[in-house]
Amino acid sequence: MPDPIILGTIGLDDVKTPFGEVKSALGGSSVYSSIAASFFSEPGIIAPAGQDLPKDYEDFLKSRGISLKGVVKKGKNFRWQGYYEYDMNEAKTINTELNSLADFDPKIPEEYKKAKFVFLANIDPEIQIKVLKQVEDPKFVMIDSMNFWIEIKREKLLEAMSKADAILLNEGEARMLFKTPSLVKAGRQMLDLGVRYAIIKKGEHGSLLFSDNSYFSAPGYPLEDVVDPTGAGDSFAGAIIGYLSKTQDISEKNMRKAIVYGSTIASFNAEGFSVNNLKTLTMQKIEKRFEEFRDLGDF
Ligand code: AMP
């Protein structure tokens with residue numbers, strides 16, 4: 001039985017950064033997050049896909065032990081075109097083609113219904129709600145989103161978020177959703193939706209974790225060469241849910257560790273285009289960089 005289960009997009013991405021570009025590269029929120037989760041556990045994806053999704057992309061995901069039973073192929077694949085300038089913390093969207101996402105009506109496979117850890121990655125919040133309803137007795141649900149959905153489905157998104165145990169947003173999106181420049185206020189408002197944890201991602205500057213009685217700030221890894229940050233947020237989240245599922249421990253202390261694993265895998269992901277760097281990543285490299293994080297926060 002796959003656990004965690006991860007809902008999100010499978011994308012064919014055209015991405016340009018100051019260091020190069022790729023076309024129709026493998027991407028999407030469920031892809032990056034399930035690859036990151038697969039270092040710790042055996043995730044299953046729920047996602048719309050198209051008939052034009054290259055077979056070698058699917059084969060790669062399967063080779064990571066990821067279940068694709070919840071992937072429904074119909075028509076043309078979701079496509080995203082974006083670019084980054086020298087400030088690589090902000091992705092600029094040129095075009096989003098929803099294609100098979102537009103009429104995706106998720107029916108999750110029987111074997112996914114008993115999953116305990118669920119990640120509702122970035123996708124239409126109405127789909128996030130529909131999927132969550134089908135999971136019988138989840139122990140921990142984490143949810144993410146982005147400006148695209150905040151702009152067009154704010155109320156549905158707030159409804160979906162209020163059903164989760166943890167909300168994850170990047171700093172720009174948190175400010176936008178809660179209409180405040182203060183990340184501390186945004187974190188509080190995330191908690192006010194009834195969740196246990198609020199996580200705010202700050203790109204290369206790390207992340208913040210809020211709970212009712214604690215505050216944690218994880219540093220960013222001092223990377224010299226960020227080549228393509230696409231998927232950093234998703235791989236950060238995927239590592240968190242994969243690690244929590246592996247350890248079955250949702251305490252605040254373990255959440256801090258999960259976040260540092262998230263930052264570790266996200267930093268490796270940003271060192272290459274698309275999912276390329278995740279292909280050669282090993283647990284040994286992850287553990288080594290995880291230990292380096294300890295020194296970054298020690299004084
Ligand atoms: P991030 O981790 O935030 O960099 O996510 C990057 C991925 O999000 C890309 O691979 C895109 O395919 C995917 N994406 C872009 N726009 C959307 C959207 N509106 N909904 C869901 N996924 C998206």
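Because the structure is a prediction, the values reported are computed rather than measured. Start at 1 and go down the list; that is how both ligands and their atoms are numbered. All values below were derived from every heavy atom in this structure, side-chain atoms included, with hydrogens, water molecules and symmetry-related copies excluded.
- Ala232 counts as a contact of ligand 1, since one of its heavy atoms falls under 4.0 Å from the ligand.
- Between the side chains of Thr247 and Asn254, a donor-acceptor pair is found at a separation under 3.5 Å.
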- [ ] Please lay out, stage by stage, how Arg79 and Asp13 fare under the test side-chain contact (heavy atoms from CB on, under 4.5 Å).
- [x] CA-CA 6 Å; Arg79 283 185 172 268; Asp13 290 351; over 6 Å; no
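- When only interatomic distances are considered, the shortest N/O to N/O separation between Tyr84 and ligand 1 does not fall below 3.5 Å.
- Evaluated by nearest non-hydrogen atom to atom 8 (O) of ligand 1, the leading choice among Asp234, Thr96, Asn95 is Asp234.
- In this structure a side-chain-to-backbone donor-acceptor pair under 3.5 Å is missing from Glu171 to Gly203.
- Judged by distance alone, the side chains of Thr230 and Asp228 do bring a donor and an acceptor atom under 3.5 Å apart.
- Side-chain contact of Ser245 with Asp3: a donor-acceptor pair under 3.5 Å is present, judged by distance alone.
- Residue Asp13 touches ligand 1 through its side chain alone, judged by heavy-atom distances below 4.0 Å.
- With sequence neighbours excluded, the residues forming a side chain to side chain donor-acceptor pair (under 3.5 Å) with Glu291 are Arg294, listed by chain and number.
- Ligand 1 lies nowhere less than 4.0 angstrom from a heavy atom belonging to Phe236.
- Geometrically, ligand 1 and Thr9 share a nitrogen or oxygen pair separated by less than 3.5 Å.
- In Asn122, the parts holding a heavy atom less than 4.0 Å from any atom of ligand 1 are both the side chain and the backbone.
- Remark: ligand 1 atoms within the under-4.0 Å shell around heavy atoms of Tyr32 are 10 (O).
- The protein atom (non-hydrogen) at minimum distance from atom 20 (N) of ligand 1 is Trp149 NE1, 3.0 Å.
- Of all atoms in ligand 1, numbered sequentially from 1 with element shown, those under 4.0 Å from a heavy atom of Gly27 are 10 (O).
- Across Ser145, Gly238, Gly28, heavy-atom proximity to atom 13 (C) of ligand 1 is greatest for Gly28.
- By the 6.0 Å and 45° rule, Arg64 stacks over the aromatic ring of Phe39.
- Annotation: Gly233 places an N or O atom under 3.5 Å from an N or O atom of ligand 1; distance criterion only.
- In the vicinity of Met146, heavy-atom distances shorter than 4.0 Å reach the ligand 1 atoms 16 (N), 17 (C), 18 (C), 19 (N).
- Under the 3.5 Å distance criterion, with hydrogens and angles disregarded, a donor-acceptor pair is assigned to the side chains of Glu292 and Tyr221.
- Between the side chains of Glu252 and Ser211, no donor-acceptor pair is found at a separation under 3.5 Å.
- Each of the atoms 4 (O), 6 (C), 9 (C), 10 (O) of ligand 1 lies under 4.0 Å from some heavy atom of Thr230.
- With ligand atoms numbered from 1 in the order given, ligand 1 contributes 1 (P), 2 (O), 4 (O), 5 (O), 6 (C) to contacts under 4.0 Å with heavy atoms of Gly231.
- Side-chain atoms of Tyr112 come within 3.5 Å of backbone atoms of Ile45 as a donor-acceptor pair (strictly under, hydrogens ignored).
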